[in-house]
Q: 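Before I ask anything, let me first share the structure, which is written out below as structure tokens.
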Amino acid sequence: MPISWNEIRQNAIRFSREWADEHREDAEAKSFWDEFFSVFGVRRRLLATFEEPVRKINGQYGYIDLFWRGVMLAEHKSRGKSLDKAESQAFSYIQDIAREQRHADLPRYVILSDFDRVALYDLEPGEQLDLPLFETRHYRKTEFPLKELHKHIQEFAFIAGYKQHRLREEDPINIKAVEILGDLHDALAEGGYEGHDLERFLVRILFCLFAEDTGLFEPETFTLYIENKTAKDGSDLGLHLARLFEVLDTPPERRQKNLDELLAAFPYVNGELFKERLGFADFSRAMREALVACTNFNWSRISPAIFGSLFQGVMDPKERRQTGGHYTAERDILKVINALFMDDLRAEFEKARRSKAMLRQFHEKLGKLRFFDPACGCGNFLVITYRELRLLEIEVLKALFGGEVQLQLNVHELSRVDVDVFTGIEIQEWPARIAEVAMWLMDHQMNMRLSEAFGQYFVRLPLRKSARIVLGNALRLDWRAILPPDQCSYVLGNPPFIGKHYQTSEQKADMSAVFGGFKNIGDLDYVTCWHYRAADYIQGTAIVVGFVSTNSITQGEQVPLIWGLLFGRRVKIHFAHRTFQWQSEARGKAHVHVVIIGFATFDIPAKRLFDYDSGNGAATVTETANISPYLTPGPDSYVTKRQEPLSPVPETRCGNKPSDGGNLILTDEEKAALIAAEPGAEKYLKRFTGSEDFINGNMRWCLWLQGVEPSEMRNLPMVLDRVEKVRAFREKSSALPTQKAASTPALFFYRSQPAQEYILIPEVSSERRQYIPIGLVSPEVISANTNFLVPSSDLFLFGVLTSAMHMAWVRQVGGRLKSDYRYSGSMVYNTFPWPEKPTAKQKAAVAAKAQAVLDARAKHPLSNLADLYDPLTMPEDLVKAHADLDRAVDACYRPQAFTSNAQRVEFLFALYERYTAPLLPAEKKGKRRG
């Protein structure tokens, strides 16, 4: 009877380590193959012979290194030599065997090796018909380092005497496999099998798929059970799966003696994964085929991020928006955990290498760390954290024990890090269950790594420990009752991002419960609840928090709100990743721009800032004494809204708002039709531009009827018809001010049109642009409320507003619409620190350079502002004009040149602090200030 797969796996680990480490001589190739066969519990000499002669086409004899008639042929080369020549020789020998009509001797398998690598060719039956000519080779090839033999043992099942099932595709698990499982989920749900039972059921299926590909189950046991024991129409599949789940929850000593041998081959799993009795799932033929399709992927190389993708793949996009579910690519999770603790742990490990005592102390520390994700979703952050800790622990164990096979070592007792040090909270059951299973699967992967390192097979079955995933609303639960703060080391995760316009009534109620009587919670993103709860949780502890957040909490009006509360809780920012695009592993990817912020209630001397301005995805890291809430070097202060400018400059105001139901705004075609029917309306039509119109050169028209005599308007029935529609539109509005404006339907709801040439600032502009395309506009052009207006044509004002200095301020304190700049009068223009005392000469220089910018634009009449300010198409003369203007504006602030926008920001914040600081009290006579 063949030996068990666990024995084979243990043998393979030992064999590959011995041959990889001992560097045996080529003369020992025969010993290599004898021991290779013994891995599978068989004696080579009973099956295969060395130096089998075969007559070549020229009549001479060649000698096959190792030949098992009708089964296998092997060729061996010296260590480090290319296997290409071995492949050529092997297939040449197969041609020679076929030419001699020895069809019974033709092998199905070819194995090549050079001591370091192994290549296996499976020549499928029925694919050798053209072997005499051998013009095309039909085979499946697997090549791998010898040290990974234990991962490929099932492909050599023929040696051990197991019946060979058709090999699976070797492509690593990918999104397609996840979508197939998502299709199975959808099919079951459509058939009426849904809710809790469906979610538990699908998680069990996922566990079984993984288990049979990684050695938790005997290879192919799950697949063969489905294929061989269930009807093709799916009618009995639900019954058989229910029986299988029952067996997986039953210890061997309690199983029935006459249990089907296929079921008896499954191990006892425990961990309560299969304990609950679920409702019966009825399958159709198509649903069974979907499950069989799932088994045809190699799940052994699964990435933990796939679990998040699985969850997201079966969610409705609308639901994803409502739950804030932005699931995460592995590289972005690593940004959090590396900055939060892994970088420090790796550095500490390097120092601990100095002595065994320090290493043992460090190892004990690793085992005592505790992690808490209060919005864990599918557990991606916990899973990857566990993986990184286990990988580090393996390096520690190698340093302690030399990585050698030592008989006195018990690998089962080496590891100090286990899944039970992880705690999470998740509001939905499906991802919570995925998180629990994902931790077990990662634990098994890491146990295999430990097995490889120490040559002992290590598997944890039955499952005895698990991560603690609490099902519930994290904003209503008591975190201290779930994990007391004195037992926690780090809080981390990716809480849901939901802007104020997308929050449900339940989520708004959550925010009220978290923030209590705070007045401005309506302006905060939902994610801020986790920051506030975490700040409360970590009071008086050494816990450090690392959260991913929407970048809106570091921009615009949210900064003084949330950071005022956090600074009031003695929070200090320890590290931050500035804005970058969050990556998702799933179909229907969520596009969102985020920041990562690490904070605690104690200070550290050096903080780290990660910046992604390079555009290649790589971060530049700078150290600073303090990080501001805008994620710049600077103090723990913030900019607050102002109703008037900080400096003595003209006030800005919002453009004109029609609130007309579209009846006062016309396209070119509508304008032409109106004039053709009513020529008298032409003098009341003026150019009308919103921010997008202005930038893209697509101005529309509007009926500007301010000051028009009623008698003239009554002679224009088509105009009157539009005005009547405005009145009706406003009367139906639920907003009282709009209803009142129905009494003046010919006029815009809000009017702010300057009577002179004015500066127009688009409210929204692409982040790709180095400058917001600001313009000087005639009063005959009516500006919409999507622009800000400065009633001045002063070129000095225009020059400063369109400079790099002002743009540096916009990027830090302005809001964002997705990632685009969103200008604000109260948060940007009114708070901007203008040059303190520019000289007349400096102002004249700025005005001259500002005019040069306008002149450079005018040289390109066929291009709109979007063309001119696209970083890829911006004309050279305009680039130079802006660079000259930047230098002129910079000189108004200080004589030394600014070499970066970061320097500009630091300078502006210091100036803002000075402008807004209260005056010092007058000094009393006779006393000196210390």
Q: Taking the six-membered ring for Trp and the full ring for Phe, Tyr or His, determine whether the centres of F67 and Y93 are under 6.0 Å apart.
A: no
Q: Whether the side chain of E388 engages the backbone of M342 through a donor-acceptor N/O pair (distance < 3.5 Å, no angle test) should be reported.
A: no
Q: Quick check, are the ring centers of F222 and F217 under 6.0 angstrom apart?
A: no
Q: According to the interplanar angle, ranging from 0 to 90°, do the rings of F210 and H444 count as parallel (below 30°), tilted (30 to 60°) or perpendicular (above 60°)?
A: perpendicular
Q: Where the side chain of D96 meets the backbone of V54, is there a donor-acceptor pair that is under 3.5 Å apart?
A: no
Q: Determine yes or no for a side-chain-to-main-chain donor-acceptor pair under 3.5 angstrom, with D443 supplying the side chain and M439 the backbone.
A: no
Q: Any donor and acceptor pair, going by atom type alone, linking the side chain of R255 with main-chain N or O of T250 inside 3.5 Å?
A: yes
Q: Looking at the rings of F15 and F32, which for Trp means the six-membered one, are their centres under 6.0 Å apart?
A: yes
Q: So, does E436 use its side chain to make a donor-acceptor pair with the main chain of A467 at under 3.5 Å?
A: no
Q: Y386 vs D418, test: side-chain contact (heavy atoms from CB on, under 4.5 Å). Steps then yes/no.
A: CA-CA 8 Å; Y386 184 51; D418 209 335; 4.0 Å; yes
Q: Is there a side-chain contact between C208 and F274, using heavy atoms and a 4.5 Å cut-off?
A: yes
Q: Taking only residues at least two apart or on different chains, which pairs with a member in residues 44-53 satisfy side-chain hydrogen bond (donor to acceptor under 3.5 Å, both in side chains)?
A: D34-R44, T49-E52, E52-R69
Q: Given side chains that start at C-beta, do those of L345 and F362 come closer than 4.5 Å, heavy atoms only?
A: yes
Q: Can you see which heavy atom on I434 is nearest to which on C378, and at what distance?
A: CG2-CB, 3.7 Å
Q: Parallel, tilted or perpendicular, judged at 30° and 60°: which one describes the rings of W68 and F37?
A: tilted
Q: Is it true that, when you exclude K81 itself, more than 12 heavy atoms of the residues, nucleotides or ligands shown sit nearer than 6.0 Å to its NZ?
A: no
Q: Quick one: CZ on F349 to CG on L392, what's the gap to the nearest 0.5 Å?
A: 6.5 Å
Q: Going through the distances and angles, do L149 and V118 end up as a side-chain contact (heavy atoms from CB on, under 4.5 Å)?
A: CA-CA 8 Å; L149 175 62; V118 176; 5.6 Å; no
Q: More than 12 heavy atoms of other residues, nucleotides or ligands under 6.0 Å from CD of E350: yes or no?
A: yes
Q: I would like to know whether R416 and V421 meet side-chain contact (heavy atoms from CB on, under 4.5 Å); could you show each step before the answer?
A: CA-CA 10 Å; R416 296 280 188 272; V421 303; over 6 Å; no
Q: Do any N or O atoms from the side chain of E393 and from the backbone of V417 form a donor-acceptor pair under 3.5 angstrom?
A: yes
Q: Is R449 atom CZ crowded by more than 12 heavy atoms from other residues, nucleotides or ligands, each under 6.0 Å away?
A: no
Q: Is the backbone of F381 close enough, under 3.5 Å, to the side chain of T385 for a donor and an acceptor to pair up by distance?
A: yes
Q: Evaluate whether atom NZ of K232 has more than 12 neighbouring non-hydrogen atoms of other residues, nucleotides or ligands under 6.0 angstrom away.
A: no
Q: Is a donor on one side and an acceptor on the other found under 3.5 Å between the side chain of R433 and the backbone of F201?
A: no
Q: When you measure from the side chain of K356 to the backbone N and O of A399, does any donor-acceptor pair fall under 3.5 Å?
A: yes
Q: Are any side-chain N or O atoms of H152 and backbone N or O atoms of F144, one a donor and one an acceptor, separated by less than 3.5 Å?
A: no
